Asks: 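There's a structure below that I have some questions on.
Proteins come first, then strands; the chains are lettered A, B, ... in the order of their sequence lines, and each starts at number 1. What you see is a predicted model; the values in this text were computed from it and never measured.
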Amino acid sequence: MKEYDHKKIETKWQKKWAADELYKTPDKVKGKENFYTLVEFPYPSGNLHLGHWYAFAVPDIYARFQRMTGKNVLFPMGFDAFGLPAENAAIKHNLDPRKWTDQNIEYMTRQLERMGASFDWARSLRTTDPDYYRWTQFFFTKFFENNLAYQKEATVNWCSSCQTVLANEQVINGECERCDTEVTQKEMKQWFLRISDYADRLADDLDNLDWPEPIKVAQKSWVGRQEGTQFSFQVTAETGEFADLEVFTTRPDTLYGVTYLAVAPEHELVSQLLAAEGPVKSSSKDADANGVFNGVKIKNYDKVEMYVAQAEAKTERERQENKEKTGVKLEGVVAVHPATGAEIPIFVADYVLSGYGTGAIMAVPAHDKRDFAFAEKYNITITPVVEGDADDKVFTGQGTIINSGKFDGLPSAAAAEKITKKFGQKETTYRLRDWSVGRQRYWGTPIPIVYDPDGKPHAVPEEYLPWELPDDVDHTPSGEPPLASSKKLKERTEKIFGTGWTPEVETMDTFIDSSWYFLRYIDPDNSEDFASQSARDTWMPVDFYSGGAEHTTMHLLYARFFYKALADLGFVDGEEPFKRRMNRGLILGPDGNKMSKSKGNVIDPDDQVEKVGGDSVRAYLAFIGPYNEEGTYPWDMGGIAGVRRFLERAWAMQSNLVDEPDESIEQKLHQTIKSVTEDTKALKFNTALSAMMEYVNEAKRKTTKEQFRVFLRLLAPFAPHITEELWHELGGEGSVHQQAWPEYDEKALVVEEVTIAVQVNGTVRGEIKISAKADEKEILAAAREEENVAKYLESNPEIRHIYVPSRLVNFVTRK
RNA sequence: GCCCGGGUGGUGGAAUUAGGUAUACACGCGAGACUUAAAAUUUCGUGGCGCAAGCCAUGCGGGUUCGAUUCCCGCCCCGGGCACCA
């Protein structure tokens, strides 16, 4: 027998498959259903790591399985190639980011080819190609024209290390998603996409998707829809007139307990007051004991101004970490309680967030812990209005209403409804903010906007797309976006639009590039459209999308929004881009820690492929744990050796084939087909493999050629090279990967003899082997006669029994 | 604090969808065969305690049931999401 030479076999078949274009996917195949399997495309960092193998090679099993069951499967691969590392490499080594990126892509493409996955390379794409980003820009201009993209002055997240703005989704625990630098707040004019307009649809449409519940829950909580009530408080001031203060609350039943209002430092009431009154410099210290200075009772607006300035200088984290509530009373201005008419003080306090609700709250110190802490500190009245069971210091639950005029005695829920009806109105508020998409960096899709001499933005007309990224820029960080240093871009703008016109110099968040890439795979060479209507009809939506958990509230949310926006503009059909989604787990180093160079626990997939072969690597990754659960699986050197041994045993079977089929082996084969089919369908590749291992262990010297050919087809998606080699060794025609998936025969699964457990009071005391045809009576008789069981029944006579067909008998001897 | 997952041998994990022989498969470990020897391969064994009968074991404590890893109640621990969100 020939040795199992994985290197020879794998190179040979990879070449052959490429030459035969085995995985080229037509848009339509007569009689076949289309099936679109998608994996998140990689960033071309320069080297394929084990995580990439886990992300691509294991779903390849599923793609191959679907193909063998008769579907026309699209399984594409590309590169999400814009982004910071290229630019940082450019700065560090003084080279062109495009060159760095393209080199990496070439190298990684070769590595991917050695994976032996069934990608259709003819449909490959990279987001940095002008042919690709032309459409990214086209969509942006359409969003702009339809008021889905807009500019506004806003407080945004700033990463000082990446020197760019970040979207809320890209701030993880106050740190930059990329580099873990603490994010600060910065006031600047920024581009936004109106994702918040889609809040309800993003939350509600999840219900119709075949997605894991935890992802749905996480996305819903990110959208953060909250139903409540809005109340208006009239504002009375000594000088000037001010608009009513709108507050949002989820507890309208506590309205009568409101003893003060608080507004965020950024609230417009504060800036209006400051503008109207102006801070009297040094007034506090020059005033007399009654606060009178030069015969005028002075207000505290210098303190207010200082407080606001301090609050705005803090990072979000600093505001949060300061658990002590602080604030300053706004003097000379009061609010009128809508129900009682009482005058109540207004404070500015940074525990009120400007971005949530209306940026102002009605404070109910008796029933809210934060308001309570604040009221205690500043000696504000605390009026209880809800009575409940709990004897906490601050009762925050629902209960019976008191001290609330005619609403006394009502339960919270009823009072909430009545009070809302009488004094306020129902209101819904969301946590989701608009998506900040401008990046002050070079290596990204240029925002296709130009400004006229008056500074008004205009979309670059479609005929000038792609609006190309210029190459004459200074990459050295200067605080200015690099495109500002491009003469070519400036000249191009003036040449096309006229003197005095200037280009936008920011680039797009790369998450925009990846928000529609799945639409380009389906028609990648189309120069007239991002994808033809017929390609969209045949391929969209994506049937199965596998990726990492980190994208739950980033890419997945953005892509869903993008697709809905495109649908509203008439570019795509349907509501959702991804029918079924699965988050995979994480492969850890052998020491159980996340792989990292500093820990020295990195497993290089290329080394492993060299040693044991790509088939072993992918099969081991499939075997390491259930693929559709977000577990963390440590790489185990012994484990991969075990999988390699399994493949060797399968290899050896070709030399031990028998002529006469064995009945029990035939049955085992059908059981194996059943298990492998069901488990693979359910993405439980680990148990699918264990079923095949069982077959090999049992049948390795009792299998006929025909049976072995069935087995090879089962194993083919898991170990595509070795099975292809064996298929041909056995004289198989064509590729094993183009064979039909084996079907099992229900009749072949029927067993003649069953083993039935016999319990006494629920504890197994013996088992009997009996003909599958035996009826209950015969089985009970046999069970009672079982030696050990009889012993127990002798001392404790049977009162009754439970019979579970073909499984067990349980004799109950006590009441 | 709130919301999701999860906790099973020395290890990764099965069985949890419908309550029905817990620990499949693999690693590791032990013993044997082959070999001058080792490696490789192969055969057998392997939850714990016990000579055995048997007892005890699915994070802990209760409950329902003839029977609970599975269902219910109350905790503990680990991972993740959200979090001064009104």
Asks: Is the phosphate of rG54(B) approached by Tyr792(A) (side-chain N or O, under 4.0 Å from OP1 or OP2)?
Replies: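 So the side chain of Tyr792(A) is within the cut-off, an N or O lying under 4.0 Å from OP1 or OP2 of rG54(B).
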Asks: In whole angstrom, give the distance that lies between atom CG of Asn628(A) and atom P of rG6(B).
Replies: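 One finds 12 Å between P of rG6(B) and CG of Asn628(A), rounded.
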Asks: Heavy atoms only, 4.0 Å cut-off, all strands: where does Lys216(A) land among base, sugar-phosphate and nothing?
Replies: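 Contact class for Lys216(A): none.
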Asks: When all nucleic acid strands are considered with a 4.0 Å heavy-atom cut-off, which category describes Asp368(A): base, sugar-phosphate, or nothing?
Replies: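 Here Asp368(A) touches no strand at all.
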Asks: Start with the C-alpha gap between Trp222(A) and Glu169(A), add the side-chain angles, then the distance that decides, and say whether side chain to side chain donor-acceptor pair (under 3.5 Å) holds.
Replies: CA-CA 9 Å; Trp222(A) 186 262; Glu169(A) 290 77 13; 3.0 Å; yes
Asks: What integer distance in Å separates Asp350(A):CG from rA86(B):C1'?
Replies: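 So the CG-C1' distance, Asp350(A) to rA86(B), works out to 15 Å.
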Asks: Tell me: CZ of Arg807(A) to C1' of rA18(B), nearest whole Å?
Replies: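 Going from CZ in Arg807(A) over to C1' in rA18(B) covers 11 Å.
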Asks: When the P atoms of rG1(B) and rG50(B) are compared, how many Å lie between them, rounded to an integer?
Replies: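 The same atom, P, in both gives a distance of 44 Å.
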Asks: With rounding to the closest Å, how many angstrom separate the C1' atoms on rC49(B) and rG32(B)?
Replies: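 Between the two C1' atoms, the distance is 27 Å.
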Asks: Return the nearest nucleotide to the side chain of Thr755(A); candidates are rG13(B), rG20(B), rU21(B).
Replies: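 Looking only at side-chain atoms, Thr755(A) lies closest to rU21(B).
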Asks: Among residues at least two apart in sequence or on other chains, which ones pass salt bridge (Lys or Arg N to Asp or Glu O under 4.0 Å) with Glu648(A)?
Replies: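 Expected list: Arg644(A).
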Asks: With sequence neighbours excluded, what pairs up with Glu694(A) under the salt bridge (Lys or Arg N to Asp or Glu O under 4.0 Å) test?
Replies: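 Per chain and number, Glu694(A) pairs via salt bridge (Lys or Arg N to Asp or Glu O under 4.0 Å) with Lys668(A).
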Asks: Verify side chain to side chain donor-acceptor pair (under 3.5 Å) between Asn761(A) and Tyr792(A), making sure each step is shown before the conclusion.
Replies: CA-CA 10 Å; Asn761(A) 295 323; Tyr792(A) 277 89; over 6 Å; no
Asks: With a non-hydrogen cut-off below 4.0 angstrom, is Arg765(A) in contact with a base, only sugar-phosphate, or nothing?
Replies: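 Sugar-phosphate, no base atom in range.
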Asks: So what does Glu767(A) touch, heavy atoms closer than 4.0 Å: a base, only the sugar-phosphate, or nothing?
Replies: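 Counting heavy atoms under 4.0 Å across all strands, the contact made by Glu767(A) includes a base.
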Asks: Scan Gly224(A) against the nucleic acid and name what it touches under 4.0 Å (heavy atoms): base, sugar-phosphate only, or nothing.
Replies: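 The answer is nothing, as Gly224(A) stays clear of every strand by at least 4.0 Å.
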Asks: Report which part of the nucleic acid Phe646(A) touches: base, sugar-phosphate, or nothing (heavy-atom distance under 4.0 Å, all strands).
Replies: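 Nothing, no heavy atom under 4.0 Å.
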Asks: Tell me, what's RNA chain B's dot-bracket, Watson-Crick or G-U with both distances under 3.5 Å, | for other-strand, [ ] crossing?
Replies: (((((((..(((.......[....)))((((((.......))))))(((....)))..(((((..]....))))))))))))....
Asks: For a 4.5 angstrom cut-off between non-hydrogen side-chain atoms, does Leu202(A) reach Gln219(A)?
Replies: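 No. Closest side-chain heavy atoms not under 4.5 Å.
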Asks: Under the ring pair (Phe, Tyr, Trp, His ring centres under 6.0 Å) rule, what do Phe511(A) and Trp435(A) come out as? Steps first, then yes or no, please.
Replies: CA-CA 10 Å; Phe511(A) 277 101; Trp435(A) 177 11; 7.4 Å; no
Asks: Is Glu40(A) salt-bridged to Arg581(A), cutoff N-O under 4.0 Å?
Replies: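 Salt bridge present between Glu40(A) and Arg581(A).
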Asks: Taking only N and O in the side chain of Tyr356(A), is any of them less than 4.0 Å away from OP1 or OP2 of rA86(B)?
Replies: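 The answer is yes; a side-chain N or O of Tyr356(A) sits under 4.0 Å from OP1 or OP2.
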Asks: Should Phe231(A) and Phe423(A) be marked as a ring pair (Phe, Tyr, Trp, His ring centres under 6.0 Å) after you check the CA-CA gap, both sets of side-chain angles, and the distance that decides it?
Replies: CA-CA 7 Å; Phe231(A) 290 113; Phe423(A) 302 110; 7.4 Å; no
Asks: Could you tell me which residues satisfy side-chain contact (heavy atoms from CB on, under 4.5 Å) with Glu786(A), sequence neighbours excluded, listed by chain and number?
Replies: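 Residues passing side-chain contact (heavy atoms from CB on, under 4.5 Å) with Glu786(A): Ile768(A), Asn788(A), Val789(A).
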Asks: Below 30° counts as parallel, above 60° as perpendicular, anything between as tilted: where do the rings of Phe685(A) and Tyr627(A) land?
Replies: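 The arrangement is tilted - the two ring planes meet at 30° to 60°.
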Asks: Can you tell whether the side chains of Asp204(A) and Lys220(A) come within less than 4.0 Å, N to carboxylate O?
Replies: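 The answer is no: the pair does not qualify as a salt bridge.
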Asks: With heavy atoms under 4.0 Å as the rule, sort Ile624(A) into base, sugar-phosphate or nothing.
Replies: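 Sugar-phosphate: the residue Ile624(A), judged by heavy atoms under 4.0 Å, touches backbone atoms but no base.
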Asks: So if I define the base as every atom that isn't primed, P, OP1 or OP2, how would nucleotides 41-46 of chain B read as a B/S/- string at a heavy-atom cutoff under 4.0 Å?
Replies: SSS---
Asks: Taking only residues two or more places apart in sequence or in another chain, which ones pass salt bridge (Lys or Arg N to Asp or Glu O under 4.0 Å) with Glu550(A)?
Replies: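 Per chain and number, Glu550(A) pairs via salt bridge (Lys or Arg N to Asp or Glu O under 4.0 Å) with no residue.
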Asks: For Asn788(A), which contact category applies under a 4.0 Å heavy-atom criterion: base, sugar-phosphate, or nothing?
Replies: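 Sugar-phosphate contact only - Asn788(A) comes under 4.0 Å of backbone atoms but never of a base.
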Asks: Please classify the nucleic acid contact of Phe248(A) as base, sugar-phosphate, or nothing, using heavy-atom distances under 4.0 Å.
Replies: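 Answer is base: heavy atoms of Phe248(A) come under 4.0 Å of a base.
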Asks: What residues from residues 679-688 of chain A pass a heavy-atom cutoff of under 4.0 Å to RNA chain B?
Replies: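 By residue number: Lys684(A), Asn686(A), Thr687(A).
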Asks: Does Lys7(A) have any side-chain contact (heavy atoms from CB on, under 4.5 Å) partners at least two apart in sequence or in another chain, and if so, which?
Replies: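 With sequence neighbours excluded, Lys7(A) shows a side-chain contact (heavy atoms from CB on, under 4.5 Å) to Asp5(A), Glu610(A), given in chain and number order.
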Asks: Report yes if a donor N or O on one partner sits less than 3.5 Å from an acceptor N or O on the other, where the partners are the side chain of Lys325(A) and the base of rC84(B); otherwise report no.
Replies: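 By the distance-only test, yes, there is a pair.
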Asks: Taking OP1 and OP2 of rG20(B), is either one under 4.0 Å from a side-chain nitrogen or oxygen of Gln759(A)?
Replies: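 The answer is no; no side-chain N or O of Gln759(A) sits under 4.0 Å from OP1 or OP2.
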Asks: Using a cut-off of 4.0 Å on non-hydrogen atoms, how would the nucleic acid contact of Tyr620(A) be classed: base, sugar-phosphate, or nothing?
Replies: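 Result for Tyr620(A) = nothing.
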Asks: What nucleotide among rU21(B), rA24(B), rC27(B) has an atom nearest to a side-chain atom of Glu694(A)?
Replies: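 Looking only at side-chain atoms, Glu694(A) lies closest to rA24(B).
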Asks: Between Phe374(A) and Phe347(A), is the ring centre distance below 6.0 Å?
Replies: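 Ring centres of Phe347(A) and Phe374(A) closer than 6.0 Å.
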Asks: So Val247(A), base contact, sugar-phosphate only, or nothing? Heavy-atom distance under 4.0 Å.
Replies: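 Counting heavy atoms under 4.0 Å across all strands, no contact is made by Val247(A).
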Asks: Using heavy atoms to find the nearest nucleotide of RNA chain B for Arg433(A) and Pro626(A) separately, return the residue whose nucleotide is more 5′.
Replies: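 The 5'-side residue here is Pro626(A).
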Asks: The criterion is side-chain contact (heavy atoms from CB on, under 4.5 Å); which residues satisfy it with Ser404(A), sequence neighbours excluded?
Replies: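 For Ser404(A) the side-chain contact (heavy atoms from CB on, under 4.5 Å) partners, ignoring immediate neighbours, are Tyr256(A), Val385(A), Ile401(A), Phe407(A), Asp408(A).
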Asks: Tell me, please, which residues at least two apart from Glu268(A) pass salt bridge (Lys or Arg N to Asp or Glu O under 4.0 Å).
Replies: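 Applying salt bridge (Lys or Arg N to Asp or Glu O under 4.0 Å) to Glu268(A) gives none.
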Asks: Can you tell me how far C1' of rA86(B) sits from CD of Glu427(A), to the nearest Å?
Replies: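 So the two atoms are 14 Å apart, to the nearest Å.
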Asks: Calculate the interatomic distance between Met637(A) atom CE and rG28(B) atom P; express it in whole Å.
Replies: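 Checked: the CE to P distance equals 13 Å.
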Asks: Could you work out the separation of rU17(B) and rG81(B) based on their C1' atoms and round it to a whole Å?
Replies: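 It comes out at 26 Å once rounded to the nearest Å.
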Asks: Got a sec, which residues hit side-chain contact (heavy atoms from CB on, under 4.5 Å) with Asp180(A), two or more places apart in sequence or on another chain?
Replies: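 Partners of Asp180(A) under the side-chain contact (heavy atoms from CB on, under 4.5 Å) test: Glu175(A).
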Asks: Looking at the angle O4'-C1'-N9-C4 for a purine or O4'-C1'-N1-C2 for a pyrimidine, is rG7(B) syn or anti, with syn meaning within 90° of 0?
Replies: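 With its glycosidic angle more than 90° from zero, rG7(B) counts as anti.
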Asks: So which one's nearest nucleotide on RNA chain B is more toward 5', Ala757(A) or Lys791(A)?
Replies: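 Upstream on the strand: Ala757(A).
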Asks: To the nearest Å, give me how far apart CG (Leu621(A)) and P (rC25(B)) are.
Replies: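 Roughly 22 Å, once rounded to whole Å.
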Asks: Looking at every strand, decide which applies to Thr763(A) at a 4.0 Å heavy-atom threshold: base, sugar-phosphate, or nothing.
Replies: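 If one applies the 4.0 Å heavy-atom cut-off, Thr763(A) turns out to touch nothing in the nucleic acid.
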Asks: Mark up nucleotides 69-81 of chain B, 5' to 3', with B wherever a protein heavy atom is under 4.0 angstrom from a base atom, S wherever such an atom reaches only the sugar-phosphate, and - elsewhere.
Replies: ------------S
Asks: Quick check for you: among rC25(B), rA86(B), rG54(B), whose closest atom lies nearest to any side-chain atom of Met693(A)?
Replies: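 Closest of the options to the side chain of Met693(A): rC25(B).
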Asks: Round to the nearest Å and state the distance from Glu629(A) atom CD to rA14(B) atom C1'.
Replies: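 Result: 11 Å.
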